[in-house]
Amino acid sequence: PLLKEKASGYPLFSAENIERYVMVPDGIRADFAIICRDNRMDGTQFHQNDIIYAKYNVCEIFGSETAVILKQNDDTLCLRRIYQLKDGEEVLGVQIVCDNSNYPPVVQKDLQGYEVFGYAVGIFRKL
């Protein structure tokens, strides 16, 4: 399923949150897809209006090489990177980062205001 920009309620994959269904290219194992609707991740890997194929995973914070699908307080789905801020073994907070350097990172104590739903495993870009 290609999820709508705003996905409210549970479960995430309910009919009300699905915009349409899209084909997944050979070699990509994905549970769902979103459209990268803003330019905050414009960089070398992602661009606005790309279809992002994703694996569902709600419980992990991923490293810098992985872009995650976040649901914000307003139910908007977005693609960002998350870094844990540590001092030795102590976790001090998280940094939510856009690939587009025009948008500064968001630093906070935890992921309050966000839910991690998955991580990007592929991209479809219209040429």
Side-chain angles (χ1 to χ4, degrees):
L2 178 69
L3 300 180
K4 293 179 180 178
E5 179 178 9
K6 290 197 175 216
S8 59
Y10 291 92
L12 181 66
F13 300 114
S14 64
E16 67 191 35
N17 293 328
I18 296 172
E19 185 172 315
R20 67 181 193 269
Y21 288 88
V22 295
M23 296 298 294
V24 179
D26 289 340
I28 295 178
R29 299 181 63 99
D31 297 319
F32 67 97
I34 67 168
I35 294 177
C36 198
R37 300 199 189 264
D38 62 28
N39 70 344
R40 292 177 183 259
M41 289 301 282
D42 280 4
T44 57
Q45 187 175 11
F46 303 105
H47 299 284
Q48 188 171 5
N49 297 317
D50 286 351
I51 293 177
I52 309 301
Y53 300 104
K55 291 292 285 178
Y56 182 72
N57 189 319
V58 296
C59 59
E60 289 188 39
I61 294 178
F62 299 93
S64 62
E65 296 303 312
T66 305
V68 298
I69 312 302
L70 295 175
K71 182 176 175 185
Q72 302 174 101
N73 274 343
D74 67 354
D75 292 331
T76 301
L77 298 175
C78 64
L79 183 70
R80 302 290 185 263
R81 297 189 192 279
I82 299 176
Y83 299 85
Q84 280 189 327
L85 303 173
K86 290 184 170 186
D87 183 11
E89 291 299 312
E90 181 184 2
V91 176
L92 303 174
V94 294
Q95 185 178 44
I96 302 167
V97 179
C98 302
D99 284 355
N100 185 335
S101 62
N102 291 327
Y103 299 94
V106 174
V107 177
Q108 51 191 53
K109 183 173 174 55
D110 53 32
L111 282 173
Q112 183 177 358
Y114 298 91
E115 290 180 61
V116 177
F117 277 108
Y119 57 99
V121 294
I123 304 164
F124 174 76
R125 180 168 300 129
K126 295 179 184 176
L127 298 176

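Atom set for the values below is all heavy atoms of this structure, side chains included, hydrogens, waters and symmetry mates excluded.
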Over all heavy atoms of both residues, which pair between [X] and [Y] is shortest? Give the atoms and the distance, please.
X     : Y      : answer
Ala7  : Asn17  : CA-OD1, 3.3 Å
Phe13 : Ile18  : O-CD1, 3.4 Å
Ile69 : Leu79  : CD1-CD1, 3.6 Å
Lys71 : Phe117 : CB-CE1, 3.1 Å

Residues two or more places apart in sequence or in another chain: which of them pass salt bridge (charged side-chain N to carboxylate O under 4.0 Å, His left out) with [X]?
X     : value
Asp42 : none
Lys4  : none
Asp74 : Lys6

Verify same cluster id: [X], [Y] (apolar side-chain graph, 4.5 Å):
X      : Y      : result
Val107 : Leu111 : no
Val97  : Leu85  : no
Val91  : Ile96  : no
Leu3   : Met23  : no
Val68  : Val106 : yes

Check: Taking only residues two or more places apart in sequence, or in another chain, which ones meet Asn102 in a side chain to side chain donor-acceptor pair (under 3.5 Å)?
Finding: Asn100

Checklist line | For Gln95, all residues meeting side chain to side chain donor-acceptor pair (under 3.5 Å), sequence neighbours excluded | finding: none

For the atom pair [atom1] ([X]) and [atom2] ([Y]), what is the distance rounded to the nearest 0.5 Å?
X      : Y     : atom1 : atom2 : answer
Lys55  : Ile28 : NZ    : CD1   : 11.5 Å
Arg125 : Asn49 : CZ    : CG    : 11.0 Å
Tyr119 : Thr66 : OH    : OG1   : 8.0 Å

Check: Is the number of heavy atoms from other residues, nucleotides or ligands under 6.0 Å of Glu16 CD greater than 12?
Finding: yes

Determine all donor-acceptor pairs shorter than 3.5 Å in which one atom belongs to a side chain in residues 31-41; sequence neighbours excluded.
from  : atom 1 : to     : atom 2 : distance (Å)
Asp31 : OD2    : Tyr56  : N      : 2.7
Arg37 : NH2    : Glu19  : OE1    : 2.6
Asp38 : OD1    : Arg40  : N      : 3.1
Asp38 : OD2    : Arg80  : NH2    : 3.2
Asn39 : OD1    : Tyr103 : OH     : 2.8

Check: Is Ile123 close to Ile52 at the side-chain level, that is, under 4.5 Å between some pair of heavy atoms?
Finding: yes

